[in-house]
Structures are given as structure tokens and as C-alpha cells.
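Not measured: the values here are computed from a predicted model.
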Amino acid sequence: MSERLTAKIDAWAKAHEMARSDAICRLVELGLSARPGADSPAGRASPLDLESLAVKQIGQLLDPLLPQDERERRIRRLTEGPPEFLAERIDLPKPRK
């Protein structure tokens, strides 16, 4: 863990009068039991909004020197998944035969 994160955990542990290891366990339990709320992106955004956010983030990570068609191919592969798994996706309509 980073020093900054460790310092935050230590401060939380001190405020709750517990050891660092106990604080880490408690914080993990709290994080795992939390539900997305109105203040989280997943709680207020539509699937299309989330996809456009993912496309934007992926675009920022890709090498700017890549040709546009290669950038689009990589973004499409990351957002849609490999073509061999498209039939397995439950969030897409099944193709007509």
C-alpha cells in the first residue's frame, strides 16, 4: 500500500481505537457490504453513460500515435469483448438465425 493510504488507515484505526490489521479488516468488510448509492457513478448512470465513460477512459490510455482505425478497433474490443464471446453475453439481444 502507498504511504498515503497507510496513513489514512492508521488515522482511521486511531480514531476507532483499533490496530491497523483490525482496521483493514473492518474497512474491507464495510467496502464489501456497501451498495452503490446515488453518490456513486454506478448508482446514477445509465449503461450508455457508463459505456461512453469507459470509451473516454480507454481512449486516454491508448497510444495517441496509433492510427484511428486501430484505436477504434481496440476500444470496440475492450467494450464489446472478443467476437468469439458475443453469443455468450447476456446483456445483448440474441442474434436472429
Under the side chain to side chain donor-acceptor pair (under 3.5 Å) test, residues paired with D22 that sit two or more places apart:
none
All heavy atoms of A19 vs all of A13, minimum pair found to be O-CB, 4.1 Å
Separation between CE (M18) and CG (L27), nearest 0.5 Å, reads 8.0 Å
Tell me, which pairs form a side chain to side chain donor-acceptor pair (under 3.5 Å) where one or both residues lie in residues 56-69, sequence neighbours left out?
Q68-E72
I'd like to know whether R71 forms a side-chain contact (heavy atoms from CB on, under 4.5 Å) with I58, so could you lay out the CA-CA distance, the side-chain angles of the two residues, the decisive distance to 0.1 Å, and finally the verdict.
CA-CA 9 Å; R71 290 175 63 84; I58 293 167; over 6 Å; no
I would like to know whether M1 and I9 meet side-chain contact (heavy atoms from CB on, under 4.5 Å); could you show each step before the answer?
CA-CA 10 Å; M1 291 189 295; I9 292 171; 3.6 Å; yes
Gap separating the CG atom of L62 from the CG atom of L78, nearest 0.5 angstrom
7.5 Å
Can I75 be reached from L48 by stepping across I, L, V, M, F, W or Y side chains whose heavy atoms are under 4.5 Å apart?
no
Examine L61 and V55 and state if one hydrophobic cluster contains both, with Ile, Leu, Val, Met, Phe, Trp and Tyr joined whenever side-chain heavy atoms are less than 4.5 Å apart.
no
Between S52 and D49, is there a side-chain donor-acceptor contact under 3.5 Å, judged purely by atom types and distance?
no
So, using side chain to side chain contact (heavy atoms under 4.5 Å, CB included) as the criterion, who are the partners of E29 when residues are at least two apart?
R26
Would a 4.5 Å heavy-atom cut-off, applied to side chains only, mark T6 and R20 as touching?
yes
Nearest-0.5 Å distance that lies between atom CG in L30 and atom CH2 in W12:
6.0 Å
